[in-house]
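Note sheet for the following structure.
Counting starts at 1 for both ligands and their atoms, in listed order.
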Amino acid sequence: MKILVLNSGSSSVKYQFVDAKDSVVLAKGIVDRVGMNDSVVTHERYDGDKVKISAEVLDHQTAIEYVLAVLLSKNHGVIQDKSQIEAVGHRVVHGGESFSESVLIDEKVMDEIREDIELAPLHNPHNLRGIQAVLKHLPGTPQVAVFDTAFHQKMPPRAFLYGIPYLLYRRYKIRRYGFHGASHYYVSQRAAELLGKPIEKLKIITAHLGNGCSMTAVDGGVSIDTSMGFTPLEGLLMGTRSGDLDPSIILHIVGREGLSLAEANTLLNKHSGLLGISGLTSDMREIISEKKSGNKQADLAFQVFTYRIKKYIGSYAAAMGGLDALVFTGGIGENSPDVRAESCKGLDFLGIKIDDDKNNLTVSEKVISAESSKVKVLALPTNEELVIALDTMRIVESAQRVESSTKRSSEVEHEKANFNS
Ligand code: ADP
């Protein structure tokens, strides 16, 4: 089944066109700077053919038009007719408490995604716009929503409740939701496959370290705790986000600096994290190179970043009562031996021992722990798009089976009625 995977953000639409049966990416790309008059469409085909198109893409409808046009293009495309797109899978950031699994999109599902806008005002509106654009340009094509939050919906209340009046949970749904679900799911499954063990028997900690960073305790294949919370601001230090902090700090800063709540929100989301501490950059590659050339602030940012990862490793090992594997993924987790080594330093007592040579290998999927390490440590690329494509195929195929069996039984009923009359 050929599936278009869409990740519709505020100013970009990322896409992959995937043959889900064989897990092959036929084409992928991004429409960047959506909403501006100097947008760029970057498209790459499976055979390495690449094209960059300058355009004016003022909204998501137009972005999807460009995606379809480039997929259909004579010179750079991979399909001859829109009908070859058999289904569309959308990344939807927030599914609230309504969705613990991916779903076929209908009006009711769209209404619920709309209701969850108050939980993810920066993401869900754009995800919805992507869905509406597909409704317009590919009417009748089944669409599936795959939620970032769904994988974490099985967390027990002791992990998802905050220590505030319970009434606020009931009234405003304030609780831990967790994000990066497709990534934590994918790398935990892949780690179990590579280790040749059933995931049901494994206790795994996954660390997704990109511009946004989160860690998850995956016990027997189920997320039992995760570091991002009500929003993707909580937990680890990130590129520009603060992660965990004493809530009183916000009240204090608002008072001392005379900031509005919106400004405080921007401070914590856009000017904190690696950027805030280093005063230089949110980019881990630059932090590492500056630190190596003696920059003290860059070194501090690196220390805070890796120390916090270490604390979460300890706490999640405790939460699960043991640990079999630790997986690093995301741009930093996959590519930075320095971050992996520093985060695991001194954790021999937990059975974590990194092999420096393996850690420095440049192969994309690797076990980086020493032979003697009780806990297997892996660095893996994530593949959220594949999770979306596979879920979309599974859900659409099962809906088609139900539809054809319902059709068949109504035909049988009809034949019986004709026979009897
Ligand atoms: P996003 O969360 O936006 O998808 P990525 O997963 O691509 O982001 O991660 C981006 C981060 O990965 C940046 O901080 C970048 O510096 C970092 N990164 C990429 N390659 C390396 C590398 N070789 N060493 C250290 N950090 C890296």
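When only interatomic distances are considered, the shortest N/O to N/O separation between M284 and ligand 1 falls below 3.5 Å.
In this structure, atom 4 (O) of ligand 1 has no protein heavy-atom contact shorter than 4.0 Å.
Residue contact check: G212 has heavy atoms under 4.0 Å from atoms 2 (O) of ligand 1.
Considering only non-hydrogen protein atoms, atom 16 (O) of ligand 1 sits nearest to D283 OD1, 2.5 Å. For atom 17 (C) of ligand 1, the closest non-hydrogen atom on the protein side is I332 CG1, 3.5 Å. Protein heavy atom nearest atom 27 (C) of ligand 1, with residue, atom name and distance: R285 CG, 3.6 Å. Among protein heavy atoms, atom 18 (N) of ligand 1 sits closest to G331 O, 3.6 Å. At the top of the distance list for atom 2 (O) of ligand 1, counting protein heavy atoms only, stands N211 N, 2.9 Å.
Taking only non-hydrogen atoms, the option from G210, S336, G333, P381 nearest to atom 25 (C) of ligand 1 is S336.
To the nearest 0.5 Å, atoms CG (D355) and CG (N360) are separated by 9.5 Å.
Of the charged side-chain nitrogens involved, none lies within less than 4.0 Å of a carboxylate oxygen, so that K108 and D106 do not count as a salt-bridged pair. Here R175 pairs with E97 in a salt bridge; the nearest charged N to carboxylate O distance falls below 4.0 Å. For the pair D148 and R91, the salt-bridge criterion is met [side-chain N within less than 4.0 Å of a carboxylate O].
Residue K28 places its NZ atom among 12 or fewer non-hydrogen atoms of other residues, nucleotides or ligands, all under 6.0 Å distant.
Distances from ligand 1 to the non-hydrogen atoms of G239 include no value under 4.0 Å.
Each of F160, F230, F147 was compared with Y177 under the side-chain contact (heavy atoms from CB on, under 4.5 Å) criterion, and only F230 meets it.
The side-chain heavy atoms of L280 and E290, taken from C-beta on, include a pair separated by under 4.5 Å.
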